[in-house]
Amino acid sequence: MASQIERPFFETDPVTCAQSLIGCELVWGKTAGRIVETEAYAEHDDHASHTFLRRGTRKFIEIHPAGTLYVYLNYGVHWLLNFLVKGGSANGFVLIRALEPTEGRNLMARRRGRSGERTLCSGPGKLTQAFDITNRHDEMNLCVDPRHCFARSSQEDVDSSRRSQAKADVVADERIGITRSAHHLWRFTERGSKFVSRRVKS
DNA sequence: ACACGGATACTA
DNA sequence: AGTATCCGTGTC
């Protein structure tokens, strides 16, 4: 059975959290999907992070608890969904970049204005459109909202010996669409997933 | 390859 | 005020 993820899950560092989220199911009202692609952004020493230039983002980390949603508009077009990671060895955010749809495909297709299951949520802007996530969800905390919640996949509910097996299916790669601090391998995907935004370069 | 488009943080 | 920048998508 799936169980809700609690705040301590986000009380680590962004890289660890981003890896751990692969395979978890994001339940959002009548829609849901398995997370197959994430990226980590660090508060310090990461020139691709909003915290590098935006004072408001540094303030966001200061005043909100771990697990808080950080939703912002990108390129004036797309809302992007992030989780605040705080309280471990480093603070930062995890950007949710792609989902494998598991529930509410028709509703997602209607919101997206197009069908094609593989591309319903194969990008950070696509998945927020499919889930109807906007800035009205900024500063929300899923740990206290029963309608919008995180659930561990059944794969991650097994014992710890099996769990290490699940982690072997996560691939680390360079982050997408950034120019600064591009050398970090802070993009994580589920190996072989057809639902990612871009194939991992080989 | 390129248009689309708004919030943020600069300069002046 | 004006300008540069930004973690993307769909269509050309």
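Each chain gets a letter, A, B and so on, in the order its sequence line appears, and its residues count up from 1.
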| Can you list the steps and then say if A:F93 with A:Y41 is a ring-ring contact (aromatic ring centres under 6.0 Å, His included)? | CA-CA 5 Å; A:F93 295 93; A:Y41 290 86; 8.6 Å; no
_Between A:E174 (side chain only) and A:H184 (backbone N and O only), is there a donor and an acceptor less than 3.5 Å apart?_
no
Checklist entry - What nucleic acid atoms does A:L53 come within less than 4.0 Å of, heavy atoms only: base, sugar-phosphate, or nothing? => result sugar-phosphate
How is A:R175 classified with respect to the nucleic acid when contacts are heavy atoms under 4.0 Å: base, sugar-phosphate, or nothing?
nothing
Check: So what does A:S197 touch, heavy atoms closer than 4.0 Å: a base, only the sugar-phosphate, or nothing?
Finding: nothing
inquiry  = Just so I know, are the side chains of A:E117 and A:F195 near enough to count as touching, which here means a heavy-atom distance under 4.5 Å?
reply    = yes
Students should find that the nucleotides of DNA chain C closing off the region near chain A, any atom under 4.0 angstrom from a heavy atom, are C:dC6 to C:dT11
Is the ring pair A:H50/A:Y70 parallel, tilted or perpendicular, if the boundaries are 30 and 60 degrees? perpendicular
Nearest heavy-atom approach of A:T102 to A:R105 is O-NH1, 3.6 Å
Pick the C1' atom in C:dG10 and in B:dA7, then give their distance to the nearest Å.
-> 22 Å
Checking N1-N3 plus N6-O4 or O6-N4 for Watson-Crick, or N1-O2 and O6-N3 for wobble, each under 3.5 Å, the partner of C:dC7 is none
Residue set satisfying salt bridge (Lys or Arg N to Asp or Glu O under 4.0 Å) with A:R180, at least two apart, ordered chain then number -> none
Heavy-atom nearest nucleotide on DNA chain C taken for A:R112 and for A:G177; more 5' hit belongs to A:G177
To the nearest angstrom, the CG-P distance between A:L80 and B:dA7 comes to 15 Å
Between CZ of A:F60 and P of B:dA7 the distance, given in whole Å, is 17 Å
- Query: Across the strands shown, which category fits A:R180 at heavy-atom distances under 4.0 angstrom: base, sugar-phosphate, nothing?
  - Reply: sugar-phosphate
Taken to the nearest whole Å, CG/A:N74 to P/B:dC4 is 18 Å
Using Watson-Crick geometry (N1-N3 plus N6-O4 or O6-N4) or G-U wobble (N1-O2, O6-N3), each under 3.5 Å, B:dG5 is paired with none
Taking every heavy atom of A:A98 against every heavy atom of A:V196, the minimum-distance pair comes out as CB-CA, 3.9 Å
Counting the atoms with a prime plus P, OP1 and OP2 as sugar-phosphate, which does A:R187 contact under 4.0 Å by heavy atoms, base, sugar-phosphate, or nothing? nothing
Margin query: Applying a 4.0 Å non-hydrogen cut-off, can you work out what A:Y72 is touching in the nucleic acid: base, sugar-phosphate, or nothing?
Written below: base
Contacts of A:T119 and A:T179 projected onto DNA chain C by closest heavy atom; the upstream (5') one is A:T179
